[in-house]
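Reviewing the structure listed below.
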Amino acid sequence: MTDDGTAAPAATSPLGYEQARDELIEVVRRLEAGGTSLEDSLALWERGEELAKVCRHWLEGARARLDAALAGPAEDEG
């Protein structure tokens, strides 16, 4: 756990989509609220970029699985 009570992601255990999305929402909320130092804002921005990359990875994987599932039956009929 971190000082603010949130769970710290383990280096060997990647974040799930929902975890990354929820944390990204919180990062955006904190950035939009303002009141943080430049250094803290930059750290939040960097964390947001990492979380967005995790979400993008999960969504691309889901898209690939959907595409494969949709393509599967058509190949069997041919």
Side-chain angles (χ1 to χ4, degrees):
M1 293 224 129
T2 59
D3 291 342
D4 63 357
T6 59
T12 57
S13 173
L15 287 173
Y17 173 77
E18 289 81 6
Q19 290 173 300
R21 181 202 59 212
D22 291 348
E23 188 177 341
L24 180 56
I25 290 168
E26 179 62 19
V27 166
V28 170
R29 186 195 64 74
R30 289 178 62 192
L31 284 170
E32 288 178 341
T36 57
S37 69
L38 177 60
E39 189 65 31
D40 288 343
S41 294
L42 287 172
L44 284 168
W45 180 270
E46 290 169 346
R47 180 62 180 159
E49 289 291 330
E50 292 171 11
L51 293 165
K53 193 178 296 185
V54 169
C55 289
R56 195 168 30 256
H57 172 77
W58 279 104
L59 291 172
E60 288 169 356
R63 170 56 65 192
R65 289 178 62 190
L66 283 171
D67 290 344
L70 292 173
E75 292 173 3
D76 293 340
E77 293 174 13

Using residues 53-61 as the side-chain source, report each donor-acceptor pair under 3.5 Å to any protein atom, sequence neighbours left out, with the distance given to one decimal.
residue	atom	partner	partner atom	Å
Trp58	NE1	Leu15	O	2.9

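Distance CG/Leu70 to CZ/Arg65: 12.5 Å, rounded to 0.5 Å. Separating the CD atom in Glu46 from the CG atom in Leu51 is a distance of 12.0 Å, to the nearest 0.5 Å. One distance of note links CD1 of Ile25 with CD of Glu23; it measures 11.0 Å at 0.5 Å rounding. Remark: Glu49 CD to Leu24 CG distance equals 9.0 Å, nearest 0.5 Å. Note that CG of Leu38 is 4.5 Å distant from CG of Leu42, once rounded to the nearest 0.5 Å.
Hydrophobic clustering, with ILVMFWY side chains joined whenever heavy atoms are under 4.5 angstrom apart, groups Val27 together with Trp45.
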For this session: Would you sort out whether Glu18 and Arg21 count as a side chain to side chain contact (heavy atoms under 4.5 Å, CB included), showing the intermediate values?
Result: CA-CA 5 Å; Glu18 289 81 6; Arg21 181 202 59 212; 4.0 Å; yes

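Ion pair Glu32/Arg29 not flagged as a salt bridge, since none of the NZ, NE, NH1 or NH2 atoms sits closer than 4.0 Å to an Asp/Glu carboxylate oxygen.
Heavy atoms only, all atoms of each residue included: Thr36 and Ser41 are closest at OG1-OG, 2.6 Å.
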